[in-house]
Amino acid sequence: MNETSGPEEAARPSDEAPIRSYEIPYRYDTTATTAQLQEKFVDLGDGEETGAVVSIAGRLMLKRDQGKIVFGVVQDGTGRIQIFAPTKTTPNFDEFAGLSLGDWIGVTGEVIKTRRGELSIRPSEWVMLAPTRRPFPDKWHGITDPDTRYRQRYVDLWVSEESNAALRNRSRIMSLTRRWLEERDFMEVETPIFHSIASGAMARPFSTHHNALDVDLYLRIAPELYLKRLTVGGFERVFEIGRVFRNEGMSTRHNPEFTMLELYWAYSDYNDIMELVEQLVSSLAMEICGSTTLVYDDKELDLSVPWKRASMLDLIEEHTGLVLSIDMDRDALAAIAVEYGVEVKEYYGTGKLILEIYEKTTETQLWGPVFVTDYPKEVSPLSRDHRTSPGLTERFEGIVAGRELCNAFSELVDPDEQLARFHDQEAERAAGDAEAMGMDLDYIRALEYGMPPTGGLGIGMDRLVMLLTGSTTIRDVVLFPTLRPEQVTGTPPEDEAQAAPPPVE
RNA sequence: GGGCCGCUAGCUCAUCGGGUUAGAGCAGGGGACUUUUAAUCCCAAGGUGCCGGGUUCGAGUCCCGGGCGGCCUACCA
């Protein structure tokens with residue numbers, strides 16, 4: 001409805017946009033999605049009519065007012081379809097012509113194909129479902145400012161096809177992962193997010209406070225220790241997909257809160273976990289991408305099973321020619337590390353030095369997929385001693401597309417050994433490592449009741465989604481990535497009393 | 001946290017090494033058009049050039065400070 005024909009509130013200044021007074025229904029029945037129609041009528045000839053009357057709903061994304069005919073394009077969650085609205089047959093034609101880009105409408109009408117071959121609905125009825133008060137972004141360019149896209153995802157999802165697809169695929173990946181694990185008798189559990197000791201990973205936590213208990217609590221940096229308590233409790237195959245929080249810098253690969261899959265599998269070891277990971281990831285690639293060979297960041301990646309397996313020390317030798325070992329002289333090793341640009345600290349032992357050399361010289365060269373195995377004990381406080389190589393542990397990380405995708409090990413199940421490792425971590429903390437792992441005595445007590453041999457795994461799900469959706473920044477696969485709070489809240493375009501600014505968090 | 005780059009209309013972008021009234025497309029308003037595809041055409045409107053100082057006869061443009069963002073880098077998954 002436009003200014004001249006529609007009722008208008010007298011109080012409104014005349015320079016404002018026309019005020020529409022639609023009856024907004026409480027519900028609306030659709031009989032089809034746009035994708036269903038596009039698929040069903042793909043063979044319809046130009047200018048043909050079908051006799052099929054359907055109802056669809058969505059947002060008006062394009063409008064071409066041709067005078068006596070208005071062409072609209074409505075988008076729903078599945079795709080788009082044109083609305084062909086001639087004066088003669090369209091109810092409230094002037095109002096239809098006056099719709100804004102971004103308005104939600106419901107349309108009932110016959111499915112036809114125009115002379116120019118565009119599948120269309122010719123409305124016999126239509127209804128406003130929600131008018132937009134704010135102008136939609138440029139219909140061609142959309143939103144290019146990333147900050148605006150992340151803050152106003154509700155708009156980005158409409159105007160950015162890639163965002164929309166990646167975020168829908170994220171949901172599918174989570175769902176498929178759950179189903180895949182459940183089919184293998186893994187049971188999903190939920191463990192606390194509030195931890196009194198932030199442990200289970202090397203990271204700095206966020207802290208908070210519980211008033212009634214008057215205790216400081218941390219947001220978890222990993223669910224690991226709780227999940228292993230469940231293994232002690234007899235839950236033989238458990239997993240959790242949940243948010244963890246690490247108080248660190250942000251980047252294209254890091255969001256302060258991110259989603260981790262952790263699973264624990266009693267009676268298995270890290271070799272079993274490697275098989276599980278390669279099978280899970282390759283099957284997800286088939287489901288999402290239709291192939292186990294994909295292109296990421298313009299480089300090819302072959303996820304087909306089996307993935308390469310190689311020990312950290314062998315890989316270092318392969319990339320640098322250096323033959324290192326965990327029982328080398330510490331200072332000699334430190335000297336080599338310095339040569340490669342490692343900032344060596346006093347408390348670094350041979351294990352930490354080897355890891356640093358690996359990260360500097362080798363990890364950056366890996367594209368993968370490859371399982372890097374047998375990490376030094378010094379940097380792996382929760383993994384079990386290697387069965388044949390003293391000083392190393394049965395731990396691996398999966399490197400895929402040049403990034404760490406997962407971290408896993410044969411779990412350390414011996415309480416005395418675990419206690420000793422915690423003590424080592426405390427010593428490192430005292431020596432200046434703010435990320436050293438916290439001592440958890442209840443976890444030791446749990447282990448004292450006996451934990452069976454167990455393989456454990458953590459996968460950064462956001463990175464997995466990046467991989468499978470071809471996204472190069474984590475913010476493209478997180479619906480609402482962490483951002484600095486908006487300083488100036490948006491002022492409503494028309495009338496401040498109509499819509500108060502959103503509260504600043 | 002460090003380095004580099006950016007911020008002009010609701011959106012996407014112009015404005016030569018300082019120089020008159022900062023332009024255009026889209027969106028929004030008015031008008032024309034019965035098969036358009038980012039429809040097209042005509043008209044009118046739309047700006048605290050991120051903010052605050054400074055230099056200058058004159059600053060969107062140069063300098064300083066601040067804010068916000070991007071990329072790279074660091075830590076991690």
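Letters go in sequence order (proteins before strands), and every chain restarts at 1.
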Trainee: B:C11 C1' sits how many Å from A:Tyr154 OH, rounded?
Mentor: 15 Å

Trainee: Is it the case that the base of B:C11 and the side chain of A:Arg134 share a donor-acceptor contact (distance under 3.5 Å, atom types as modelled)?
Mentor: no

Trainee: Reckon A:Gly142 touches a base, only the sugar-phosphate, or nothing at all at heavy-atom distances under 4.0 Å?
Mentor: sugar-phosphate

Trainee: Which of these nucleotides, B:U35, B:G69, B:C11, is closest to any side-chain atom of A:Arg151?
Mentor: B:G69

Trainee: Using a cut-off of 4.0 Å on non-hydrogen atoms, how would the nucleic acid contact of A:Asn255 be classed: base, sugar-phosphate, or nothing?
Mentor: base

Trainee: Heavy atoms under 4.0 Å, any strand shown: does A:Glu404 hit a base, just sugar-phosphate, or nothing?
Mentor: sugar-phosphate

Trainee: Could you check which nucleotide pairs with B:G47 in any of the strands shown, counting Watson-Crick or G-U wobble with both distances under 3.5 Å?
Mentor: none

Trainee: Can you sort out which residues in residues 360-373 of chain A have a heavy atom within less than 4.0 Å of RNA chain B? Ascending by number, please.
Mentor: none

Trainee: For the pair made of NE2 in A:His254 and C1' in B:C72, what is the distance, rounded to whole Å?
Mentor: 13 Å

Trainee: Could you tell me how the ring of A:Phe206 sits relative to the ring of A:Phe245: parallel (under 30°), tilted (30 to 60°) or perpendicular (over 60°)?
Mentor: perpendicular

Trainee: What nucleotide, of B:C75, B:G70, B:C72, holds the atom closest to the side chain of A:Arg475?
Mentor: B:G70

Trainee: With respect to the side chain of A:Pro135, which nucleotide from B:C71, B:C75, B:A27 is positioned closest?
Mentor: B:A27

Trainee: Looking at A:Arg309 and A:Glu278, is there a salt bridge between them, counting it only when a charged N and a carboxylate O are closer than 4.0 Å?
Mentor: yes

Trainee: Do the non-hydrogen side-chain atoms of A:Leu230 and A:Tyr264 ever get within less than 4.5 Å of each other?
Mentor: no

Trainee: What I'd like to find out is whether the side chain of A:Arg149 reaches to under 4.5 Å of the side chain of A:Ser163, using heavy atoms alone.
Mentor: yes

Trainee: I need the CZ-P distance between A:Arg243 and B:A77, as an integer number of Å.
Mentor: 18 Å

Trainee: Taking the six-membered ring for Trp, are A:Tyr375 and A:Tyr358 parallel (under 30°), tilted (30 to 60°) or perpendicular (over 60°)?
Mentor: perpendicular

Trainee: With rounding to the closest Å, how many angstrom separate the P atoms on B:C11 and B:C4?
Mentor: 29 Å

Trainee: Find out whether A:Arg463 and A:Arg253 are in side-chain contact, i.e. whether some heavy atom of one side chain is under 4.5 Å from a heavy atom of the other.
Mentor: yes

Trainee: Per the salt bridge (charged side-chain N to carboxylate O under 4.0 Å, His left out) rule, which among A:Glu240, A:Glu262, A:Glu257 passes with A:Arg220?
Mentor: A:Glu240

Trainee: Restricting to ring pair (Phe, Tyr, Trp, His ring centres under 6.0 Å), what partner residues turn up for A:Tyr150, sequence neighbours left out?
Mentor: none

Trainee: Is there a donor-acceptor pair closer than 3.5 Å between any side-chain N or O of A:Glu394 and the backbone N or O of A:Tyr270?
Mentor: no

Trainee: For A:Ile83 and B:U34, give me the distance from atom CD1 to atom P, rounded to whole Å.
Mentor: 21 Å

Trainee: May I ask which nucleotide in the shown strands pairs with B:C62, Watson-Crick or G-U wobble, both distances under 3.5 Å?
Mentor: B:G54

Trainee: Using Watson-Crick or G-U wobble geometry with both distances below 3.5 Å, tell me the partner of B:C68, or none.
Mentor: B:G6

Trainee: Between A:Asp94 (CG) and B:G30 (P), how many Å, whole number?
Mentor: 11 Å

Trainee: Classify A:Met250 by what it touches in the nucleic acid, base, sugar-phosphate, or nothing, heavy-atom distance under 4.0 Å.
Mentor: base

Trainee: Could you run down the sub-3.5 Å N/O contacts of the protein with nucleotides 37-41 of chain B?
Mentor:
from: B:U37; atom 1: O4'; to: A:Arg64; atom 2: NE; distance (Å): 3.4
from: B:U37; atom 1: O2; to: A:Glu118; atom 2: OE1; distance (Å): 3.3
from: B:U37; atom 1: N3; to: A:Glu118; atom 2: OE1; distance (Å): 3.3
from: B:A38; atom 1: N6; to: A:Trp140; atom 2: NE1; distance (Å): 3.4
from: B:A39; atom 1: OP1; to: A:Lys139; atom 2: NZ; distance (Å): 2.5
from: B:A39; atom 1: OP2; to: A:Arg64; atom 2: NH1; distance (Å): 2.7
from: B:A39; atom 1: N6; to: A:Asp65; atom 2: O; distance (Å): 3.1

Trainee: When the P atoms of B:G17 and B:C57 are considered, how many whole Å apart are they?
Mentor: 23 Å

Trainee: Distance check needed: B:C75 C1' versus A:Asn407 CG, whole Å only.
Mentor: 15 Å

Trainee: State the pairing partner of B:C75; accept Watson-Crick or G-U wobble contacts with both distances under 3.5 Å, and report none otherwise.
Mentor: none

Trainee: Using the closest heavy atom to pick a nucleotide of RNA chain B for each, name whichever of A:Arg122 or A:Glu248 lands nearer the 5' end.
Mentor: A:Arg122

Trainee: Check whether more than 12 heavy atoms from other residues, nucleotides or ligands sit under 6.0 Å from atom OH of A:Tyr296, and answer yes or no.
Mentor: yes

